There are 2 protein chains.
Amino acid sequence: MSDLLERLRGRGWRLTAQRRVVAEVLDGDHVHYTADEVHARATERLPEISRATVYNTLGELVSLGEVLEVSTDGRAKRYDPNAHHDHHHLICSQCGTIRDVHIASDPMAALPEPERFGFAVSEVSVTYRGVCPNCASA
Amino acid sequence: MSDLLERLRGRGWRLTAQRRVVAEVLDGDHVHYTADEVHARATERLPEISRATVYNTLGELVSLGEVLEVSTDGRAKRYDPNAHHDHHHLICSQCGTIRDVHIASDPMAALPEPERFGFAVSEVSVTYRGVCPNCASA
DNA sequence: TCTTGACTTGGACTTTGTCCAATGTAGGAT
DNA sequence: ATCCTACATTGGACAAAGTCCAAGTCAAGA
């Protein structure tokens, strides 16, 4: 539970009520929330927390590498607390929920040198889309 | 060049100056523009074209399957005219430009059945990120 | 406990995109 | 060639997501 908070403290994070609440919201569930959803859930526990603080905190968690930003549809970004495990995403094209998945081969190896165009490639993400069982039955 | 326009006409598209200009902007280059960039370039050729029309036209091209929407960073969507070839993307993490790349293996095969969680998976996209030569030298 | 620099706040602002009523026009019908 | 009309375009208002900032607050080291 407080693994995350411990790590952050060790990195010189000032531990405020707001930050704790945001971290707990992310840590608590396996869904990937948008910033506004995080704010809504944080508000339940700490009614005065401001949107700006939620954005700030999410941004800090991302720069610290504790959380990943996932852009699904060009609208709101979602935040993935599962940053320390190598994984990719499976997104329902109807309801937008995201699952983490693990894949069998290394996609980095699939990009041949001549296709890199001089880029210093440092990251790769694979996104699968389809209809989830829930939406399929509806 | 007018392959695209021909196809669209065949599908009952009313051919207006505005639509022609937007199609030409997309068709003309290998970069993937944002809607605003498309609008800026369209304005050079047809000064009175409105933002709404550019958005409408891009939306139509996407529904017709002639153009793909690419969500890179949760900010502006970019439009990829290369919808008929199977390809993936290499994005500069600094300036945001996108190149199309071709990869060596089929990423769909990399997702094992138990990792599909009952989804009807229909699509996969692989996104590489790194720093482009241009930004690296700056 | 005091101090201080880091944190939070709310509101204004920006960017990206959507919607709509009024106006214009492409292209088939005559 | 001209007319009609359904489809397109326009601009401006609106909305959603996110950023920025000056002023106030507070965690934690001295």
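This structure is a prediction, so every number in the text was calculated from the model and none was measured. Throughout, a chain's letter reflects where its sequence line sits, starting with A, and its residues are numbered from 1. These values consider heavy atoms only, across backbone and side chains, with no hydrogens, waters or symmetry-generated copies.
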Whole Å only: how far is the [atom1] atom of [X] from the [atom2] atom of [N]?
X     : N      : atom1 : atom2 : answer
B/E48 : D/dT9  : CD    : C1'   : 11 Å
A/H39 : C/dT9  : NE2   : C1'   : 11 Å
B/L15 : D/dT9  : CG    : P     : 10 Å
B/D36 : C/dT16 : CG    : C1'   : 7 Å
B/L46 : D/dT9  : CG    : P     : 10 Å
A/R11 : D/dA27 : CZ    : P     : 22 Å
B/R78 : C/dT16 : CZ    : C1'   : 13 Å
B/Y33 : C/dT16 : OH    : P     : 16 Å

Under 4.0 Å between a Lys/Arg side-chain N and an Asp/Glu carboxylate O for B/E37 and B/R78?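 Salt bridge flag = yes for B/R78 with B/E37.
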
Regarding B/R11 and B/E60, does a basic nitrogen lie under 4.0 Å from an acidic carboxylate oxygen?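 Looking at B/R11 and B/E60, the cut-off is not met.
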
Look at A/Q18 and C/dT9 and indicate whether a side-chain polar atom (N or O) is within less than 4.0 Å of OP1 or OP2.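 Yes, such a contact exists.
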
Tell me whether the OP1 or OP2 atom of D/dT9 has a side-chain N or O from B/T16 closer than 4.0 Å.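 For B/T16, the contact criterion (side-chain N or O under 4.0 Å from OP1 or OP2 of D/dT9) is met.
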
Nearest heavy atom decides the nucleotide; on that basis, is B/Y55 or B/R9 closer to the 5' end of DNA chain C?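 Here B/Y55 is the residue nearer the 5' end.
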
Output the single nucleotide from [options] whose closest atom is nearest the side chain of [X].
X     : options               : answer
B/R75 : D/dT9, C/dT16, C/dT8  : C/dT16
A/A52 : C/dT9, D/dT10, D/dG18 : C/dT9
A/R19 : C/dT16, C/dT8, C/dG10 : C/dT8
B/A35 : C/dG27, C/dT9, C/dG17 : C/dG17

Under 4.0 Å, counting only non-hydrogen atoms across every strand here, what does A/T53 touch: a base, just sugar-phosphate, or nothing?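 Answer is base: heavy atoms of A/T53 come under 4.0 Å of a base.
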
Hey, does A/R20 reach any base, or is it just sugar-phosphate, or nothing, if we go heavy atoms under 4.0 Å?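 No contact at all - A/R20 keeps every heavy atom at 4.0 Å or more from the nucleic acid.
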
Specify the closest pair of heavy atoms between B/F119 and A/P133, including all atoms of both residues, with the distance to one decimal.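 For B/F119 and A/P133, the tightest heavy-atom pair comes out as CD1-CD, 3.9 Å.
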
Taking five pairs at each end of the helix from C/dT1-D/dA30 to C/dT30-D/dA1, what angle separates the two helix axes (nearest 10°)?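 Computed angle between terminal axes is 30°.
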
Under a 3.5 Å threshold, yes or no: a donor from one side chain and an acceptor from the other, between [X] and [Y]?
X     : Y      : result
A/H89 : A/D100 : yes
A/H87 : A/D80  : yes
B/D36 : B/H39  : no

Give a yes or no on whether the backbone of A/H102 and the side-chain of B/E115 come within a donor-acceptor separation of less than 3.5 Å.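 Yes; at least one donor-acceptor contact below 3.5 Å.
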
Main-chain N/O of A/R129 paired to B/E123 side chain as donor or acceptor, under 3.5 Å: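 No.
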
Side-chain donor or acceptor of A/R14 under 3.5 Å from a matching atom on the base of C/dA6?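 Looking at the base of C/dA6, it does pair with a donor or acceptor on the side chain of A/R14 (distance under 3.5 Å).
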
If you take atom types as modelled and just measure distance, does the side chain of A/R51 reach the base of C/dG10 with a donor-acceptor pair under 3.5 Å?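 Absent.
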
